[in-house]
4 protein chains.
Amino acid sequence: MGEIAAKARKSIGARRNPESADAILEAAEAVLSEAGYSGFSIEAVARRARAGKPTIYRWWPSKAALLIEVYQRQKRVETPDTGNIEADLAGFLMNLFAHWRDTSSGNVFRSLVAEAQSDAAAAAALADYAKGRRAHTGRMVERAKARGEVAADVDAELVADLVASFAWTHLLTNRLDGEEATIRAAIRYLTCGILKPTERKGVLDPRGTS
Amino acid sequence: MGEIAAKARKSIGARRNPESADAILEAAEAVLSEAGYSGFSIEAVARRARAGKPTIYRWWPSKAALLIEVYQRQKRVETPDTGNIEADLAGFLMNLFAHWRDTSSGNVFRSLVAEAQSDAAAAAALADYAKGRRAHTGRMVERAKARGEVAADVDAELVADLVASFAWTHLLTNRLDGEEATIRAAIRYLTCGILKPTERKGVLDPRGTS
Amino acid sequence: MGEIAAKARKSIGARRNPESADAILEAAEAVLSEAGYSGFSIEAVARRARAGKPTIYRWWPSKAALLIEVYQRQKRVETPDTGNIEADLAGFLMNLFAHWRDTSSGNVFRSLVAEAQSDAAAAAALADYAKGRRAHTGRMVERAKARGEVAADVDAELVADLVASFAWTHLLTNRLDGEEATIRAAIRYLTCGILKPTERKGVLDPRGTS
Amino acid sequence: MGEIAAKARKSIGARRNPESADAILEAAEAVLSEAGYSGFSIEAVARRARAGKPTIYRWWPSKAALLIEVYQRQKRVETPDTGNIEADLAGFLMNLFAHWRDTSSGNVFRSLVAEAQSDAAAAAALADYAKGRRAHTGRMVERAKARGEVAADVDAELVADLVASFAWTHLLTNRLDGEEATIRAAIRYLTCGILKPTERKGVLDPRGTS
DNA sequence: TGCTAATCGAGACGGTACGTCTAGTCTTTTT
DNA sequence: AAAAAGACTAGACGTACCGTCTCGATTAGCA
């Protein structure tokens, strides 16, 4: 695990040493969760992992690449399947908030978003990752459509986008400690809308303006 | 304006020289829009503005403070008032996307969010700013509530939060070029919900789950 | 006096304020004796004296000028007159060593010499001062010549130069704590020479080599 | 030699690159002789040597250390051995004056003395160096004692101290252009004394006062 | 079995930027 | 008219990282 510094490792020959790779990823995670994004430097990771800087650069061409792999090593938040779209989406958000709050994942992801603002590679990787997650999250909506709970012409990924955006923004502005009621209300707006029932003329006609 | 470097300025006595302050803010904006967040350094701003670094540090204790003031110098995106909440919110989002896309504001704000991930002062300033903007955006919802368009128990700021989150996330992942239809659909989900009308049992009862 | 900082003074109108001049000189001396030459800056003096930098620059165009005036405010080491040149010179040296050792004069003079290595004005002032002091010290030799103790063709200023050089060098290399015997021996060499009496062929013929 | 800037150099692995060290020392010497002590900064040396500042700080913790090594790279002035102490000492002084005058050594040594007034490390190094040189110069006197030219109880190092002090002081006050006759006279005083022969009672009894 | 090639930790390299300090100049306000 | 105050440009200070490079050692796989 390497609390302060990993043990010294030697080369295991003309191939990648998985011990080193692990030590580096673990060190990266540790540095990030202890010193935050501002203290996250390749030097610091190398020191912590007892690795040479070139070893890091050999396998991860940039800070972004390292961040991405660290983030992807961590387990994903699963999407619930309760048979009710509102409960599913709210449960997903609450799981996600808790995951970010209680593990180093939140820090890692924040850092990745920050890095993406100055590093094109990180931006591309983040876009890719986000797209995949939207698809994954969207499946909750697809399931609801399949069982007739959600209107057929709803864009599942767009819904996932709205849900994820809410989570991202709360992460990036240190508002992960929101109450459950707030999350439930936000999801309720998304599922049921905010219009007064009497005002509801035509539902889900994205072209019209009513 | 100072395309590459401002003219040399002298002190105007024992008080802040507004010419220098202007030159610095303009230089900061220029550096940000030309070199992006990764090229944005106090040194670069000082060079561009023909200012001494201590002059910058005297008035802006950190990169974050400078970013904040640059952002706040730029004009705000106004909230439309068409008498229809859906048109209002969609119009607001489209204005915001266009503003971020077509001016340097987008770059400035991205940088500010990134900086907030490593600088507590920036985080606090950003939180403050975002809160104010949510209140501002929320007024569109309040107006709709007043005219009976939106249900009375809707949390206007939470709606604004959802709308702004969508915008932020698209900015941070370089998706400002979305089609108008996407924005309209997202807003439509928020106003009318995504549930099938036949499935809609009780609307806007944040406690119940139907 | 101003132990840490002098009291605030106001302008006394369109003429030099002697209180300020005094406060500045005293502050300069204090800074020099407390922080040494390395801590001696115009800024530090201005802070200590509660004076503006321009006030200092108006009256003392450079650090050197300030150093010179500080040094000249301090009392001179007097030349003894015992009727014996050896006792006079040795006494003078011991007085000088003690003066430098026990007051801040040593620090001031060291600083002045150091400053003269990078500032032409200081160099000129130091040259001037040193010339004057050589003449002054040389008077001991002149008196000895007058009373027939020292050979008539001896260059009094050159003797003073040798004596002063010994003192300067000891000051500059932190060797002011030399024993009295060492000083006496050095002076004895100068007065009586180091040659064995039997080897002494012609005395004081600067052209010959014997 | 590198007149304006050395060529770019790369690392030669995890050990000191002597090319860089040389380039830095040469640049330091060049800066010193061209811009003098006041223009001698680590930045200027780094620029001139095409070296990074950290490379300089890695090997020379202070300006003083760099000055010392620059000075010690230069060749020493040798002590003549003519069989006559007066000629030896005068010759040594004239060589030293010429060396300081005609090479950059004078500037380097002046700077070192100046630096020693504000930097303890430089002071220690200078003290050490001076002690060694006094021993070296003193050997001329020891030889003269051995051949019976100089009295046996003369302190050779003290004589060397007097001679060196004269040289140092002339260097530090820009008086290296003194005439040969002055140097010869000064040495003559030291060897033969300045007393009138008739006044010379007891020679070389450092305890008595005559 | 001995050679080649890739990997490892290590750390120096030329650089850029950091945030602080001082230099010396300038201007307004106060006396 | 000069003092006081403090802002101004300019640039050096010493440190932290950047990403690259070379080293010497270690070891797997090929010859």
Side-chain angles (χ1 to χ4, degrees), chain A residues 6 8-17 19-20 39-44 46-47 49-59 61-63, chain B residues 8-17 19-21 39-44 46-47 49-59 61-63, chain C residues 8-17 19-21 40-44 46 49-59 61-63, chain D residues 6 8-17 19-21 23 39-44 46-47 49-59 61-63:
Chain A
R9 292 169 308 280
K10 298 192 170 178
S11 167
I12 58 166
R15 67 197 200 284
R16 183 172 186 174
N17 185 342
E19 277 185 45
S20 290
F40 180 72
S41 67
I42 297 287
E43 295 243 354
R47 262 196 307 274
R50 296 268 254 130
K53 281 199 287 175
T55 303
I56 299 184
Y57 280 107
R58 183 165 7 249
W59 304 112
S62 67
K63 211 146 63 159
Chain B
R9 291 170 308 280
K10 299 193 167 174
S11 167
I12 59 165
R15 66 195 200 284
R16 184 173 187 173
N17 185 343
E19 276 185 48
S20 290
F40 180 72
S41 67
I42 298 287
E43 295 243 354
R47 263 197 305 273
R50 296 267 257 129
K53 279 198 287 175
T55 302
I56 299 184
Y57 282 106
R58 185 171 1 256
W59 303 113
S62 66
K63 213 146 62 162
Chain C
R9 291 170 310 281
K10 299 194 168 177
S11 168
I12 59 168
R15 63 195 200 283
R16 180 170 182 174
N17 186 341
E19 277 185 47
S20 290
F40 180 73
S41 67
I42 297 286
E43 295 246 351
R50 300 266 254 126
K53 280 198 289 174
T55 305
I56 299 184
Y57 279 107
R58 184 169 355 259
W59 302 112
S62 67
K63 210 146 66 161
Chain D
R9 293 168 308 279
K10 297 192 170 176
S11 166
I12 58 166
R15 65 197 201 284
R16 185 171 189 173
N17 185 342
E19 278 185 46
S20 290
F40 179 73
S41 67
I42 298 286
E43 295 243 354
R47 263 197 306 273
R50 297 267 253 127
K53 278 198 289 176
T55 302
I56 300 186
Y57 281 107
R58 184 166 10 249
W59 302 113
S62 67
K63 212 144 65 159

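Just so you know, these numbers come straight off a predicted model, no measurement behind them. Residue numbering restarts at 1 for every chain, and letters A, B, ... go by the order of the sequence lines.
- Nucleic acid contact class of B:Thr55 (heavy atoms, under 4.0 Å, all strands): base.
- Distances shown here put every side-chain N or O of A:Trp59 at or beyond 4.0 Å from the OP1 or OP2 atom of E:dA6.
- The interatomic distance linking C:Ile56 (CD1) with E:dA23 (P) rounds to 9 Å, in whole Å.
- Residue D:Ser20 has a polar side-chain atom (N or O) positioned under 4.0 Å from OP1 or OP2 of E:dG14.
- In this structure, CD1 on B:Ile42 lies 5.5 Å from CD1 on B:Ile56, to the nearest 0.5 angstrom.
- Considering all non-hydrogen atoms of both residues, D:Arg9 and D:Ala51 come closest at NH2-CB, 3.9 Å.
- In terms of heavy atoms, B:Gly39 sits closest to B:Ala44 at O-CB, 3.9 Å.
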Between the protein and nucleotides 16-20 of chain E, which nitrogen or oxygen pairs are less than 3.5 angstrom apart?
{"unit_1": "E:dC18", "atom_1": "OP1", "unit_2": "B:Ile42", "atom_2": "N", "d": "2.9"}
{"unit_1": "E:dC18", "atom_1": "OP2", "unit_2": "B:Ile42", "atom_2": "N", "d": "3.0"}
{"unit_1": "E:dC18", "atom_1": "OP2", "unit_2": "B:Glu43", "atom_2": "N", "d": "2.7"}
{"unit_1": "E:dG19", "atom_1": "OP2", "unit_2": "B:Tyr57", "atom_2": "OH", "d": "2.4"}
{"unit_1": "E:dG19", "atom_1": "O5'", "unit_2": "B:Tyr57", "atom_2": "OH", "d": "3.3"}
{"unit_1": "E:dG19", "atom_1": "N7", "unit_2": "B:Lys53", "atom_2": "NZ", "d": "3.0"}
{"unit_1": "E:dG19", "atom_1": "O6", "unit_2": "B:Lys53", "atom_2": "NZ", "d": "2.6"}

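- Counting only distance, with no hydrogens or angles, the side chain of A:Arg50 and the backbone of A:Arg47 share no donor-acceptor pair below 3.5 Å.
- Closest approach of D:Gly52 and D:Ala46 over heavy atoms only: C-CB, 4.5 Å.
- Close to E:dA6, at under 4.0 Å from its OP1 or OP2, lies no side-chain N or O of A:Arg16.
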Nucleic acid footprint by protein, nucleotides 24-31 of chain F - heavy-atom cut-off 4.0 Å, B for base, S for sugar-phosphate alone
--BBS---
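- Look at C:Arg58 and you won't find any side-chain N or O under 4.0 angstrom from OP1 or OP2 of F:dA2.
- Residues D:Ala49 and D:Ala23 come closest through the heavy atom pair CB-O, 3.6 Å.
- For the pair A:Arg50 CZ and E:dC8 C1', the interatomic distance rounds to 13 Å; values are reported in whole Å.
- Qualifying salt bridge (charged side-chain N to carboxylate O under 4.0 Å, His left out) partners for C:Lys53, counting only residues two or more places apart in sequence or in other chains: C:Glu43.
- With rounding to the nearest 0.5 Å, the separation of OG1 in B:Thr55 from CZ in B:Arg58 is 5.0 Å.
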